[in-house]
Amino acid sequence: MSRHISFHEVKGALALEGCPICRLTAEVVERYLDFMLWERVTDPDLRREVRQARGFCHEHAWALVRAGASLGIAILLQDVLQELCTALQDSTAQQTGHARRSRRGIRGLGGSRPAEDVVNALSSQLEPQGEQRCPACVQRQTMEDIYLDVLLDNLVGKDNLAAIYQASDGLCLPHFRRAVRRAHSQEILEALLQAQLAIWQRLVQQLGEVIRKNDYRFQDEPWGEEAGAWLTAIATLVGPQPRRGTK
Amino acid sequence: MGRTMSFYDLRDAMAQPGCPVCRLMAAAVEHYLDTLLWENVNDAGARQQIRRARGFCNQHAWQLVAGGSSLGAVIITRDVLQNLLRLLEDAGFQAPAVSLRRRAKHALEGRRPPPANAQLVAQLGPQAPCPACAQAETTEEVLIATLVEGLLGDDGLLPAYRASEGMCLKHFRQALSEARSPAVFEALVDVQRTKWQQLVEQLSEIVRKEDYRFRDEPRGEEVGASLRAIAALCGPRASAK
């Protein structure tokens, strides 16, 4: 059976630590941010997307930080801040006009409160515009769906990934939820649930062992595979710690 | 006029770098997680809340173990995982709730059918907000209200706010929606515009000094402006592990 490159990427990631989808999409985002900073900073389409999204989400904004990136970041974010400054200038002018009209008695009410329409207009100007989301999140979600479908489609059938999956750290909870949602046959869901159940049972046992070895009676016993279970458990519930960027 | 503790906390935080509300929220979460780990791990109410939330959000889950391994964190995460295991043990396949005709249409168009297993997906999702986020949100509401109410007047926060780095975009938006008088609205907008304009100028200076003609000029206050711009738009970097 011929396999797409994504199959081999998923298979390779299953042999490594942590959720394979988190690992693969982190690589995708890293390449996307690198490409954006070094090649696309002056691309008008990208600049419009970033402006409309009002920058990046918290995770990806801080992931931009890397050696030599300050010029790219400065160019992209100067653009966003300039647009926000324009919105503030416009609202100041509108509010001044409103106050003047209120003083003249043109609008009987509202002298003691800021004009609601001015506040609402400014608030919406400060938010992401239209449907635009953080461009890196958009990229990540597209690839998440592709990798999850590859994993699910190959959990059953000839040369399937079920055994490799069961031996891995499994999907993190957020990706597992999405996988369950995308499992469109009983056979696939059963294979997924069976493997995930085994992975989580293994982890719960390891956590039990950590707790047991904190008891004064057993604290001199040598540590085994449960040593890093406390970190694996956190990564299982919420995904890996976001990349912090480098100064 | 009587001042609350939050007023003085805000005034002190305004003398520090970054958004004062973000700074105080981070301190409140830090305190909450510390208390949870050292005092409340066996508190039935706290455990129930964490189980319902399916643990913590990504940021606060990693913050929980930022100080290293702790028995408390292990007890809490094992509890959440055991709860999830019980859900999986009882789970069964649930076909997407659409007609056969629509499913055939999806298949013919080569599109994925609509989501399956809706009940299990919902059960695996958080049934309550991340407890640390809930704590942060309560603190945030108090701080924003204090800032807006205490901004003007004798001994108000305005001078300290003017001397600070301003608020991040999210908290500025929240403060605007709480502003109950034109004077407060105008003061907030005026200070924030000045801060953002300063930042835009500093970013322009970074861009200018990358030009080969000016690159030998000494660096000034624009150093670090790229990081300050990120913090101004989306808040401070999450605390390090």
Side-chain angles (χ1 to χ4, degrees), chain A residues 54-58 61-62 64-65 70-71 73-75 77-78 80-82 84-85 88-89 91-92 95 99 112-114 119 122-123 126-127 149 173 176-177 180-184 186 189-190 193 196-197 200-201 203-204 207-208 210-211 214 230-231 233-234 236-239 241-242 244, chain B residues 54-58 61-62 64-65 69 71 73-75 77-78 80-82 84-85 88-89 91 93 112-113 115-117 120-121 124-125 169 172-173 176-177 179-182 185-186 189 192-193 196-197 199-200 203-204 206-207 210 225-227 229-230 232-235 237-238 240-241:
Chain A
R54 300 298 184 237
F56 298 84
C57 69
H58 185 272
W62 284 109
L64 285 171
V65 180
S70 74
L71 177 62
I73 297 172
I75 292 172
L77 298 191
Q78 181 195 38
V80 178
L81 280 164
Q82 251 165 351
L84 296 181
C85 282
L88 293 195
Q89 264 156 1
S91 81
T92 307
Q95 176 58 29
S112 62
R113 295 175 74 101
V119 176
L122 177 57
S123 289
L126 297 177
E127 283 174 15
D149 288 346
L173 179 58
F176 178 62
R177 272 202 301 266
V180 169
R181 190 192 298 263
R182 296 179 85 81
H184 283 280
Q186 182 145 4
L189 182 72
E190 275 171 13
L193 292 186
Q196 197 72 24
L197 201 58
W200 282 352
Q201 275 167 344
L203 189 54
V204 166
L207 292 173
V210 173
I211 295 169
N214 268 278
W230 58 290
L231 291 175
I234 299 280
T236 295
L237 289 176
V238 297
Q241 192 164 25
R244 280 176 43 78
Chain B
R54 307 291 181 242
F56 294 89
C57 67
N58 183 292
W62 284 109
L64 193 70
V65 291
S69 170
L71 181 60
V74 173
I75 292 171
T77 43
R78 186 177 72 149
V80 176
L81 277 166
Q82 275 174 326
L84 294 174
L85 276 175
L88 293 200
E89 279 157 10
F93 179 69
R112 280 249 154 201
N117 311 305
L120 179 58
V121 171
L124 289 170
L169 177 56
F172 176 58
R173 274 205 311 256
L176 283 184
S177 64
R180 297 282 177 257
S181 81
F185 174 83
E186 281 162 23
V189 170
Q192 201 67 26
R193 196 179 56 216
W196 284 348
Q197 271 167 349
L199 205 44
V200 167
L203 293 171
S204 305
I206 290 179
V207 176
E210 287 286 333
S226 296
L227 298 178
I230 294 177
L233 288 172
C234 59
R237 204 196 299 241
K241 190 182 149 189

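In this text, all values refer to a predicted model and were calculated from it rather than measured experimentally. Below, chains carry the letters A, B, ... as their sequence lines are ordered, and counting in each starts from 1.
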Does a side-chain heavy-atom distance below 4.5 Å link [X] with [Y]?
X	Y	answer
B:Val80	A:Leu173	no
A:Leu237	B:Leu84	yes
B:Phe185	A:Leu122	yes
B:Trp62	A:Leu231	yes
A:Arg54	B:Leu233	no

If I compare all heavy atoms of [X] with all of [Y], which pair ends up nearest, and what's the gap?
X	Y	value
A:Gln78	B:Val200	NE2-O, 3.8 Å
B:Ser226	A:Leu77	O-CD1, 4.4 Å
A:Gly239	B:Asn58	O-ND2, 3.6 Å
B:Ile230	A:Ala61	CD1-O, 3.3 Å
B:Arg237	A:Val65	NH2-CG1, 4.4 Å

Just verifying a value: how many Å separate [X] [atom1] and [Y] [atom2], rounded to the nearest 0.5 Å?
X	Y	atom1	atom2	answer
A:Arg182	B:Asn117	CZ	CG	12.5 Å
B:Leu124	A:Phe176	CG	CZ	6.0 Å
A:Gln201	B:Leu81	CD	CG	11.0 Å
B:Phe172	A:Leu84	CZ	CG	9.5 Å
B:Glu210	A:Leu71	CD	CG	4.5 Å
A:Leu197	B:Leu85	CG	CG	6.0 Å

Shorter than 4.5 Å, heavy atoms on both sides: which option in [options] has the most such pairs with chain B?
options	answer
A:Val180, A:Ile73, A:Asn214	A:Val180
A:Ala233, A:Ser91, A:Ser70	A:Ser70
A:Gln82, A:Glu190, A:Arg181	A:Arg181
A:Ile75, A:Val80, A:Val204	A:Val204

Part of [X] within contact of chain A (heavy atom distance under 4.5 Å):
X	value
B:Phe56	backbone
B:Ala61	both
B:Gln82	both
B:Ala225	neither
B:Ile75	both

Among [options], residue most engaged with chain A (heavy-atom pairs, under 4.5 Å):
options	answer
B:Leu176, B:Leu120, B:Leu199, B:Leu71	B:Leu71
B:Gln192, B:Arg54, B:Arg193	B:Arg193
B:Ala73, B:Ala91, B:Gly55, B:Ser204	B:Ser204

Among A:Val238, A:Ile234, A:Thr236, A:Leu203, which residue meets the side-chain contact (heavy atoms from CB on, under 4.5 Å) test with B:Thr77?
-> A:Ile234
Part of A:Leu189 lying under 4.5 Å from any heavy atom of chain B = side chain
